Every structure is written in structure tokens, then in C-alpha cells.
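Remarks on the structure that follows.
Predicted, not measured: the structure shown is a model, and the values here were computed from it. In what follows, residues are counted from 1 in the order of the sequence shown.
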Amino acid sequence: MWSIHAVAEACAMTTGELSQWISRGHYRPSEGVRPGQRRWFDWRDLACLAVINALRKHSLSINAMSLIAGDLREYLAEMDKIPDSSGLLLCASWDERQPGQTIGLMSETELCRLLRSHPETVIVVDVAAVYHSALAKLPSEVISRGARP
């Protein structure tokens with residue numbers, strides 16, 4: 001578990017920006033807090049926020065990034081951890097028939113199959129790669145759930 005400051009820095013955003021996304025409902029952290037409590041972020045939050053940071057480079061709206069991160073959170077809820085190697089791909093596709101949908105986590109083979117269907121727009125983020133990049137920027141001491149300051 002990490003503080004808002006550590007996670008924001010690791011994902012190349014400000015704490016104010018992340019706080020606004022949370023307060024406006026654009027991002028829902030894993031753990032809710034009561035007013036006055038310190039907020040903590042887990043590995044799923046780090047993965048979702050790292051993906052949001054990668055999506056920002058595509059000039060997507062915060063609403064689009066929010067939808068994609070929400071979908072990613074659901075996929076990650078069924079996982080115990082992010083794989084050590086890259087290749088865990090999150091795909092979002094847009095075309096006239098199906099505007100703005102997250103397709104999900106897929107392998108490179110499944111991505112090739114998707115691309116053969118000729119969608120108008122596809123955004124692909126290597127979740128494992130952006131997660132491990134953000135993880136490498138975090139402080140080395142990981143605070144366990146029971147040992148928060």
C-alpha cells in the first residue's frame with residue numbers, strides 16, 4: 001500500500017490532480033476513506049493509474065480514461081498480481097458500430113485477431129509494462145496493510 005504522494009509521483013501526476021479525479025468520480029480507489037483519513041493505494045490502483053497516465057498521451061478525455069480504468073479495475077479484481085513480463089494488453093476500440101468500448105485484457109494473438117476485423121480506432125496499453133515502470137518509481141519500503149503509520 002502506498003500514499004497518494006508516492007502513487008501520484010510514480011504515475012507522473014500531481015496529488016491535486018489525482019484528488020480531483022477522485023472527488024469528481026473519475027477515479028475510484030480500491031479503498032474508500034472517511035473525511036480526515038489518509039488515503040492508501042494498492043497494486044490495482046497503481047496499475048489503473050499507470051494506464052491512465054499512458055492514455056493521457058493519446059489526448060483522451062478524462063471521461064474516456066475513467067471508463068477504461070473502471071473496466072480495467074474489474075479485470076484486475078480477478079487477478080492476484082500483474083505478470084512480471086509484458087504482454088498483458090488492455091485494448092479499447094472505437095468504430096461506428098460500437099462507439100467507445102473497452103475490449104479487455106488480451107494476448108498478442110488475440111490483438112492480431114481484433115486488428116483483422118479492421119476497427120476504426122484501437123488503443124493498446126501494455127498494462128504489465130506501465131505498471132512495472134510505475135512500480136520501479138515507488139519508494140522501496142512497501143507499507144503493509146497492518147503497518148500503516
Side-chain angles (χ1 to χ4, degrees), residues 1-94 98-108 110-111 114-115 119-149:
M1 302 287 286
W2 301 281
S3 71
I4 190 170
H5 300 287
V7 169
E9 186 174 325
C11 295
M13 58 184 66
T14 67
T15 56
E17 186 176 31
L18 180 50
S19 293
Q20 284 181 7
W21 288 357
I22 293 167
S23 67
R24 293 178 181 164
H26 295 300
Y27 184 74
R28 190 189 84 231
S30 295
E31 289 193 21
V33 296
R34 292 187 300 244
Q37 284 186 320
R38 184 176 256 200
R39 186 175 298 283
W40 294 97
F41 296 85
D42 68 9
W43 70 269
R44 289 176 178 89
D45 292 314
L46 183 64
C48 290
L49 293 168
V51 166
I52 286 175
N53 183 45
L55 292 171
R56 290 166 69 169
K57 297 169 186 158
H58 296 284
S59 301
L60 294 175
S61 71
I62 186 63
N63 289 334
M65 291 186 294
S66 175
L67 290 171
I68 292 169
D71 289 346
L72 175 58
R73 174 170 298 292
E74 289 181 27
Y75 299 126
L76 294 177
E78 299 175 16
M79 298 175 67
D80 294 328
K81 68 176 194 159
I82 299 284
D84 291 333
S85 62
S86 63
L88 181 64
L89 306 174
L90 176 71
C91 296
S93 175
W94 288 265
Q98 288 184 309
Q101 79 170 29
T102 303
I103 295 171
L105 296 173
M106 61 178 53
S107 67
E108 290 177 7
E110 293 167 319
L111 175 60
L114 169 68
L115 293 175
E120 286 181 21
T121 304
V122 175
I123 295 177
V124 179
V125 178
D126 186 333
V127 177
V130 298
Y131 168 77
H132 288 292
S133 176
L135 187 63
K137 296 174 188 171
L138 287 171
S140 59
E141 66 280 351
V142 176
I143 301 169
S144 70
R145 183 176 287 269
R148 292 183 188 162

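- Taking Glu110 as the reference, Ser107 meet the side chain to side chain donor-acceptor pair (under 3.5 Å) condition, with sequence neighbours excluded.
- To the nearest 0.5 Å, atoms CG (Leu67) and CG (Leu55) are separated by 11.0 Å.
- With sequence neighbours left out, the side-chain contact (heavy atoms from CB on, under 4.5 Å) criterion links Ser61 to Asn63, Ala64.
- In this structure, the separation between CZ on Arg28 and SG on Cys48 is 9.0 Å, given to the nearest 0.5 Å.
- Residues forming a side-chain contact (heavy atoms from CB on, under 4.5 Å) with Asp80 (at least two apart in sequence, or on another chain): none.
- Legend: salt bridge (charged side-chain N to carboxylate O under 4.0 Å, His left out) pairs involving residues 43-67, not counting sequence neighbours, sorted by first then second residue: Glu17-Arg56, Asp45-Arg73.
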Self-check item: Criterion side-chain contact (heavy atoms from CB on, under 4.5 Å) on His132 and Ile82, from CA distance to verdict
Solution: CA-CA 9 Å; His132 288 292; Ile82 299 284; 3.9 Å; yes

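- Under the side chain to side chain contact (heavy atoms under 4.5 Å, CB included) test applied with Cys11, the options Val51, Ile52, Leu138, Leu46 reduce to a single match, Leu46.
- When all heavy atoms of Leu49 and Met13 are compared, the pair lying nearest together is O-CE, 4.0 Å.
- A search for side-chain contact (heavy atoms from CB on, under 4.5 Å) contacts involving Ile62 returns Trp21, His26, Met65, not counting sequence neighbours.
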Exercise. Would you check, one step at a time, whether the test side-chain contact (heavy atoms from CB on, under 4.5 Å) holds for Phe41 with Leu18?
Key: CA-CA 12 Å; Phe41 296 85; Leu18 180 50; 4.0 Å; yes

Quiz prompt | Verdict with supporting geometry, Leu60 and Ile123, side-chain contact (heavy atoms from CB on, under 4.5 Å) | solution = CA-CA 10 Å; Leu60 294 175; Ile123 295 177; 3.8 Å; yes

Practice problem: Any chance you could lay out the side-chain contact (heavy atoms from CB on, under 4.5 Å) test for Val7 and Thr15, step after step, and finish with the verdict? | Solution: CA-CA 9 Å; Val7 169; Thr15 56; over 6 Å; no

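- A heavy-atom distance below 4.5 Å is not found between the side chains of Val130 and Asn53.
- Remark: Glu74 pairs with no residue by the side-chain contact (heavy atoms from CB on, under 4.5 Å) rule, at least two apart or across chains.
- Taken to the nearest 0.5 Å, the CG atom of Asp71 stands 11.0 Å off from the CG atom of Leu76.
- With a 4.5 Å cut-off on side-chain heavy atoms, Met79 and Trp43 count as touching.
- Summarising the geometry of Glu31 relative to Arg39, their closest heavy-atom pair is O-NH1, 3.4 Å, with the distance given to 0.1 Å.
- Between Leu89 and Glu108, some side-chain heavy-atom pair lies under the 4.5 Å cut-off.
- The two residues Ala134 and Ala50 come nearest to each other via the heavy atoms CB-CB, 4.0 Å.
- With contacts defined as side-chain heavy-atom distances shorter than 4.5 Å, the pair Trp2/Leu135 qualifies.
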